[in-house]
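Below, read A as the first sequence line, B as the second, and so on, with proteins coming before strands; counting in each chain starts at 1.
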Amino acid sequence: MCIRRVGVQFRPARLPLKKREGTPFALESPGGSVGRPASAGRGRTRRMAGGELASRRLPFARAGREAAVSTGTVRLKPTHIANTSSLPSMLRNSGDLGTMPPSSGRPPMKDPVITISQLSDHVEEQVTLRGWVYNWRKKGKLRFIILRDGFGYLQCVVFRPNVDDEVWEAATQLTQESSIEISGKLIADERAPGGFELQVNQIKILQITEDYPIGKKDHGVDFLLNHRHLWLRSKRQHAIMHIRSEAEFGIREYFQTRNFTLIDSPILTPAACEGTSTLFETDYFGEPAYLSQSGQLYLEPAAAALGKVYCFGPTFRAEKSKTRRHLMEFWMVEPEVAWLRFEGLLELCEDFLSTIVSRILDRCAVDLERLERDVSKLDAATSKPYPRIDYGDAVQRLKAEGVEMEFGEDFGGDDETVLAGLFDRPVMVTRYPADIKAFYMEPDSEDPTRALAVDVLAPEGYGEIIGGSERSADLEHLERQIATHGLPREAFDWYLDVRKYGAFPHSGFGMGLERFVSWMCGIPHLREAIPYPRMINRLYP
RNA sequence: UCCGCAGUAGCUCAAUGGUAGAGCGGGUGGCUGUUAACCACUAGGUUGGGGGUUCAAGUCCCUCCUGCGGAGCCA
């Protein structure tokens, strides 16, 4: 818990805070804000200061070229500093370590050390907080410091006549993202954003940050992605990451409380799972190995062992996709259920989705508000049932809407948007032509040219967030399918064993986490829905 | 891989073929209630690289590099 032990520079010699010659301290302002979607921006390219960063080479990946560019700008909305005493925030921080006693070897602090999530319990008390300077303003004999501690934001006010010279000097020298310990009397004050304010009487500077790259004005997307590690400090990214975390927790809880067993599928695999997408190849002691693009094939045998199983982890696609709906590395949750038929699968999809959406709305209200998400557009998705539409009917509906396409073709991104726009909640498109779906799917008994497959399309243009199917239990059918798709039969021996030793009906689906999070957050591009996005031409940071 | 757009100050952007500017950030100074504070002054440029047209190119042409958006593919 001792900050001095964890690598942060502590410079007691600077506490008197005389300005050093030749190295003027920057007095930057808040940072980390972002906002406007790239799609609305005007493109400009820019080269990073310091030139190009070194590219990296991995056996299975392209060099991570860095050079910087931006399309579009992101603009920060006026700062709202939320009242962090709200319930979700308190829940979030109930296990926080901020109030733990200091470790031995360090003089104990006189004041209780609290986090911004705990403000309402300490009004009119002398307290200490630790964090980073989010913004800094001066007005004559006043200094306004907006402290950010990872849990919220707090305005701290320093008034010249009320503090010692050292404290005043410290307050004057602060810069954006400098790390500090700050003490004072916590009061309720309507003039302060969030309603609380710290009347400062002590400041300890751990490090004065110089030249923090992310400022309070617009930045291009490329610049921000090159500084993703710092961009995460912004309010908007903070909210998105919290929603992602809550979604992951909710997903695991959903399955764990319904008697599913977690089966971690392997990342390194000997062959393509579905034989379609391009895979990242690496060297496995002289043999080629591939990063997994799906855990599904490994789940089917596990379903025979444990009945109801799921996996949840990263998956990899080496397609050179350049769209807002694609990442090279993304997270997917995949349940697989023995004895579940197609109709049951549809019920599982809608029950799962509606449950997770409800959870996000319940527990992430503060984050959704910060993202200015129109939550009324999510309400319908909390209730079942979801509409079902046969693939053939979907094609007819699209044609009626003026879309040019023929029966037998798959839907493009725009088609999905049009189709989803016909409904107020996710729509389940069923029974696709078998030709355009994966080899392992069960044919429709009424029309063998159709597969018992479902795609769940999210509203508002977020597209396919779930793809699922009933799996074929017929060994001969699968062997023909593998041959038809040009896949190596021997690579699937173990998979086909599921059909040799006690074949059983089973179904499952996969949901892309980033697409789900993007939909919840209302963000236009998947790259903001994952902490460190991996995209074509981007492997840094 | 294909189609389209773009590259100008640290960042975000201006600039009819005719003296490269602004805001933010940085520096100096001012202000007792700021909310991306404000005001004054100030420093800051090989206009992505190369070639060409022209009296004259950030601007027009060719080419390369880089990125963004989309298509395909998919979650």
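Residues satisfying the side chain to side chain donor-acceptor pair (under 3.5 Å) test with A:Arg515, not counting sequence neighbours, are none. With sequence neighbours left out, the side chain to side chain donor-acceptor pair (under 3.5 Å) criterion links A:Ser245 to no other residue. The side chain to side chain donor-acceptor pair (under 3.5 Å) search around A:Glu124 returns A:Lys185, not counting sequence neighbours. Annotation: side chain to side chain donor-acceptor pair (under 3.5 Å) contacts of A:Lys377 (sequence neighbours excluded): none. Under the side-chain contact (heavy atoms from CB on, under 4.5 Å) criterion, A:Ala458 pairs with A:Tyr462, A:Ile465, A:Trp519, sequence neighbours left out.
Taking a cutoff of 4.0 Å between a charged side-chain nitrogen and a carboxylate oxygen, A:Glu514 and A:Arg527 do not qualify as a salt bridge.
If you check distances only, the side chain of A:His326 does reach the base of B:C74 with a donor-acceptor pair under 3.5 Å. Taking only distance into account, the side chain of A:Arg515 meets the base of B:C74 through a donor-acceptor pair shorter than 3.5 Å.
Rounded to whole Å, the C1' atom of B:U19 lies 16 Å from the corresponding atom of B:U47.
In terms of phosphate contacts, A:Lys139 brings a side-chain nitrogen or oxygen within less than 4.0 Å of OP1 or OP2 of B:G33.
Consecutive pairing runs in RNA chain B reach the stem threshold at B:1-7 with B:65-71, B:10-13 with B:21-24, B:26-30 with B:38-42, B:48-52 with B:60-64, where a stem means at least three Watson-Crick or G-U wobble pairs with distances under 3.5 Å.
The side chain of A:Glu319 lies closest to B:C73, out of B:C73, B:U32, B:G69. Listed nucleotides: B:G69, B:C73, B:A75. Nearest to the side chain of A:Glu464: B:A75.
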